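As structure tokens, the structure follows; a few thoughts come after it.
Predicted model only: the values in this text are computed from it and were never measured. The chain is numbered in sequence order, starting from 1.
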Amino acid sequence: MRQREYMRRLYARFGDEPDILIRRYADAERKGIVCRAKNTFDLTAEQYAAALYRDGKRKGWITQS
């Protein structure tokens, strides 16, 4: 599944609860539900999830269907 799509689904299910979204997204990454093509900056799953969440909020894509 695509990263943004999965984060949107989590947002739709749990609302704007960053701690829950980040934890759930990181768990999904560890389980292979979502994948990163690269880890150029050597981020943990939680760090990447937090960055993805911030990007979605800043750019507005997290609330789009």
Got a sec, which residues hit salt bridge (charged side-chain N to carboxylate O under 4.0 Å, His left out) with [X], two or more places apart in sequence or on another chain?
X	value
Arg13	none
Arg58	Asp55
Lys38	none

CD1 of Ile62 to CE of Met7, rounded to nearest 0.5 Å, is 5.5 Å
Restricting to side-chain contact (heavy atoms from CB on, under 4.5 Å), what partner residues turn up for Thr44, sequence neighbours left out?
Glu46, Gln47
Anything under 3.5 Å between a donor and an acceptor, one on a side chain of residues 15-24, the other on a protein residue two or more places apart or in another chain? List them.
| from | atom 1 | to | atom 2 | distance (Å) |
| --- | --- | --- | --- | --- |
| Asp16 | OD1 | Tyr53 | OH | 2.4 |
| Asp16 | OD2 | Lys57 | NZ | 2.8 |

Does the side chain to side chain contact (heavy atoms under 4.5 Å, CB included) test come out yes or no for Arg2 and Val34, once each step is laid out?
CA-CA 6 Å; Arg2 300 186 78 177; Val34 291; over 6 Å; no
List in chain and number order the residues that pass side-chain hydrogen bond (donor to acceptor under 3.5 Å, both in side chains) with [X], two or more places apart in sequence or in another chain; answer none if no residue qualifies.
X	answer
Gln64	none
Tyr48	Gln3
Asn39	Arg36

Donor-acceptor contact present, side-chain Arg8 to main-chain Trp61, <3.5 Å:
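Yes, because the side chain of Arg8 sits within donor-acceptor range (under 3.5 Å) of the backbone of Trp61.
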Heavy-atom distance under 4.5 Å between the side chains of Tyr6 and Glu29, does that happen here?
no
